[in-house]
Participant: 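For reference, the structure I am asking about is given below.
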Amino acid sequence: MSYKAVIVAEKNSVARAIASFLGGSSVRRFRVERVPAYEFLWEGGKHLSIGVSGHILDFDFPEEYNKWESVDPRVLFFTNPVLVTREGAYIYVRALKTLARQTSTVILALDADVEGEAIAFEVMRIMKSVNPELEFRRAWFSAVTKSDILEAFRKLREPNENLANKAFARMVVDLTIGASFTRILTLSARRNGGVMPRGSFLSYGPCQTPVLYLVVKRELEREQFKKKKYYVLRVRFRSQEGVFTASATFEDQEKAKSALDSVKRTGVGVVVSAEFNAVEVEPPVPLNTVYLESRASLFLNLRPKETLSIAEKLYSFGYISYPRTETTIYPPTLNLRGIASMFTRWEDAGWYVAKVLAKGFTPTRGREDDKAHPPIYPTRSASREEITRRFGEKAWKVYEYVVRHFLATISENAVVERQRVVVKVGELSLQSEGRKLVYAGFYNVYKYSVPKDEPLPYVVEGEEVEVEDAKIEARTTQPPPYLSESELLALMKKYGIGTDATMQEHIHTNIERRYFVVKNKRCIPTPLGRTLALALYETVPELVLPEVRGKMEASLSKIATGERTPEEVVNEMRSEFLEYYDRLVERIDYVSKKIVEGLKMVFQDEKQQARAGSVGEERSRSTRTHRKGKK
DNA sequence: GCAAGGTC
């Protein structure tokens, strides 16, 4: 059996889509070494498409370097990791080797980004090992649509090794620094009497640890915050149009009291300024992963990790587009009108969609384009009943959000009237603010943040208003709250920590390691996470500062552009982190003593709670993960 | 047993 070409995609869903776009009704589905494959006719030749599942190969240190007790972690900076097959990826290796013997041409139809390019080189390495004669071509498409796929297959490219090398360099550097610092922290804590549950360890990572630092930093800001008392004089006025409240703020209680007395004595005020301005509110820009996660946390009360896994499911069943994207600009090839037309009878929004379509629209436009994937949009119209039945209530919330967000991006601006009134009572000025939704626009479909109407009466300048009531409220300035997950995601994005697809993982890792917990959407450090972050900050701040990851990313990017070789960049980063390592080791006793205190507080506390029988859901789940890690 | 990055 022989194929004109074998097509390898990054995942099964894409392999299946390619087969149906190119093969139409001729597609035959079967399995190659247990991996789903699709055989079809295209341009007169028999083709086969097959999907892998992300990376197939990974880096690890050679066996003899994986004995934590007997290898000085410092040695890892001078040890080259080797490529190994990932656990669970053997079926793909076998399938690729089988297919390598059944064709002379392989089309690498992996995602259009550096990771996809790296996977392309993994595929080539595996297939070449059994058939060195194979010819490889690269299909580069940024959306899994018929037109994009056809275009990519007509303009096949050569694989780009620079792109792949960027990903491989990152893998090597991250493993080296992750493994060396994790081991030194874990081993030295144990030597200093630190006790932790079996199978657990003190991890360090170039993404997870700066994330922890951001969370701890906010806790310190809260503690350093100086609370101050202040006094608000609130006066209720009656105008010809109705009542409203205006207020003035005082730091000094006596001054507030004398102002109150004078207001009561005078009994009447004069409107000195009345502004009622209509302001246009623009709908959100097209949806990317991080924004979806952050809005789902705020509006739907879903954890980012859960949101992404639901979005993946909706994607794999064809309800929404690829959910891992940075892009907030619709590509010109995307048929927005066609997508919107699917929703003219959808939920309570259909009538408005029909109106928008009739009137014509210009979509909003953000600033980011990852040149690989379009923003997230719905690909199929579905009812609440259908989504809930197939995937559950939470999936409906996510799907509904994606649809409403998409519809909002093609909707009209809303108009909100911002209202400001200033009243003078004698010499004292009191202010009042209100607002009113004048034109709903996109809020007709985007129901999540509709501004609450709190209108003021339409008073006019010079109007006299009568004092109905006046009182003083004593208040205290409040420290900033703990970081919310939504803020944390925004900070990670700002500093370039992690990718859209992984940001939620870094939060989750910290939770699993008992470095912080998420309670009521807020990230609260544990004593362990706090001491770890602060001890590292005191000794080697570069190990925790959030700017460092962005700089690493910038250096790695020079590999992708061909400005620098992977060896140069990897060696430079190794020596940089080796210097950090040596500085840490100089004070490792100090650091580990601090950490041991944190360990005691976290794990003794857990033990006591467990004995008391109050095993929380989150904890029992993580404990299982720890066990799984143990061999 | 380490990381971060793919995907499920």
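Order of the sequence lines fixes the chain letters, A, B, ..., with proteins taken first and strands second; residue numbering starts at 1 for each chain. For clarity, every value in this text was computed on a predicted model and none was experimentally measured.
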Participant: In whole angstrom, give the distance that lies between atom CG of A:Asp500 and atom P of B:dT7.
Facilitator: 12 Å
Participant: Suppose we call a contact any N or O donor and acceptor under 3.5 Å apart; does that hold for the side chain of A:Asp60 and the base of B:dA3?
Facilitator: no
Participant: Would one find a side-chain N or O of A:Ser203 under 4.0 angstrom from OP1 or OP2 of B:dA3?
Facilitator: yes
Participant: Tell me: CD of A:Glu87 to P of B:dC2, nearest whole Å?
Facilitator: 11 Å
Participant: Between B:dA4 atom P and A:Phe168 atom CZ, what is the distance in whole Å?
Facilitator: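 Checked: the CZ to P distance equals 19 Å.
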Participant: For the base of B:dG1 and the side-chain ring of A:Trp68, does the geometry meet a stacking cutoff of under 5.5 Å between centres and under 30° between planes?
Facilitator: yes
Participant: Identify, with sequence neighbours excluded, every residue that meets side-chain hydrogen bond (donor to acceptor under 3.5 Å, both in side chains) alongside A:Thr379.
Facilitator: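 Result, side-chain hydrogen bond (donor to acceptor under 3.5 Å, both in side chains) vs A:Thr379: none returned.
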Participant: Assuming nearest nucleotide by heavy-atom distance, tell me which of A:Ile119 and A:Ala179 is located more 5' along DNA chain B.
Facilitator: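 On the 5' side of the pair lies A:Ala179.
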Participant: May I have the distance from A:Ile177 (atom CD1) to B:dC2 (atom C1'), rounded to whole angstrom?
Facilitator: 11 Å
Participant: Between A:Arg583 and A:Glu579, does at least one N-O distance fall below 4.0 Å, as a salt bridge requires?
Facilitator: yes
Participant: Only one of A:Lys11, A:Arg324, A:Arg138 forms a salt bridge (charged side-chain N to carboxylate O under 4.0 Å, His left out) with A:Asp111, so which one is it?
Facilitator: A:Lys11
Participant: Rounded to whole Å, how long is the line connecting atom CD of A:Glu512 with atom P of B:dA3?
Facilitator: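 To the nearest whole Å, that distance equals 10 Å.
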Participant: Of all residues at least two apart in sequence or in a different chain, which pass the side-chain hydrogen bond (donor to acceptor under 3.5 Å, both in side chains) check with A:Arg157?
Facilitator: none
Participant: Contact class for A:Tyr204 (heavy atom, under 4.0 Å): base, sugar-phosphate, or nothing?
Facilitator: sugar-phosphate
Participant: Classify A:Gly498 by what it touches in the nucleic acid, base, sugar-phosphate, or nothing, heavy-atom distance under 4.0 Å.
Facilitator: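 Sugar-phosphate, backbone atoms only, no base.
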Participant: Under 4.0 Å between any heavy atoms, over every strand shown, what does A:Tyr322 touch: base, sugar-phosphate, or nothing? Just pick one.
Facilitator: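 Sugar-phosphate contact only.
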Participant: Suppose we call two aromatic rings close when their centres sit under 6.0 Å apart. Are A:Tyr291 and A:His405 close by that rule?
Facilitator: yes
Participant: Rounded to whole angstroms, how far apart are CE on A:Met171 and P on B:dC2?
Facilitator: 16 Å
Participant: How close or far is atom P of B:dC2 from atom CD of A:Glu505, stated in whole angstroms?
Facilitator: 14 Å
Participant: Touch check for A:Ala501, heavy atoms < 4.0 angstrom, all strands: base, sugar-phosphate only, or nothing?
Facilitator: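 The answer is sugar-phosphate, as A:Ala501 gets under 4.0 Å only of primed atoms, P, OP1 or OP2.
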Participant: Tell me every residue that passes side-chain hydrogen bond (donor to acceptor under 3.5 Å, both in side chains) with A:Ser53, counting only those two or more places apart in sequence or in another chain.
Facilitator: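 Here no residue qualifies.
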Participant: What contact category does A:Pro206 fall into here, base, sugar-phosphate, or nothing, at under 4.0 angstrom with non-hydrogen atoms?
Facilitator: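 Sugar-phosphate contact only.
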Participant: Taking only the side-chain heavy atoms of A:Glu312 (C-beta and beyond), determine which of B:dC8, B:dA4, B:dG6 contains the nearest atom.
Facilitator: B:dC8
Participant: With sequence neighbours excluded, what pairs up with A:Arg380 under the salt bridge (Lys or Arg N to Asp or Glu O under 4.0 Å) test?
Facilitator: none
Participant: Would you kindly compare A:Ile56 and A:Arg190 by the position of their nearest DNA chain B nucleotide and give the one closer to the 5′ end?
Facilitator: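 Closer to the 5' end of DNA chain B: A:Arg190.
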Participant: Identify whether any heavy atom of A:Ser53 sits under 4.0 Å from a base atom; if not, whether one sits that close to sugar-phosphate; answer base, sugar-phosphate or nothing.
Facilitator: base
Participant: Going by heavy atoms closer than 4.0 Å, what residues in residues 110-117 of chain A are next to DNA chain B?
Facilitator: A:Asp111, A:Glu115
Participant: Taking CE from A:Met196 and P from B:dC2, how many angstroms apart are they, rounded to a whole number?
Facilitator: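 For the pair A:Met196 CE and B:dC2 P, the rounded distance is 13 Å.
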Participant: Would you indicate which nucleotide in B:dC8, B:dG1, B:dA3 comes nearest to any side-chain atom of A:Arg513?
Facilitator: B:dA3
Participant: Measure from the side-chain heavy atoms of A:Thr499 and tell me the nearest of B:dG6, B:dT7, B:dG1.
Facilitator: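 Given the options B:dG6, B:dT7, B:dG1, the side chain of A:Thr499 is closest to B:dG6.
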Participant: Quick one: is B:dG1 close enough that its OP1 or OP2 comes under 4.0 Å of any side-chain N or O from A:Arg183?
Facilitator: no
Participant: Can you name the side-chain hydrogen bond (donor to acceptor under 3.5 Å, both in side chains) partners of A:Arg587, sequence neighbours left out?
Facilitator: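 Counting only residues at least two positions away or on another chain, A:Arg587 forms no side-chain hydrogen bond (donor to acceptor under 3.5 Å, both in side chains).
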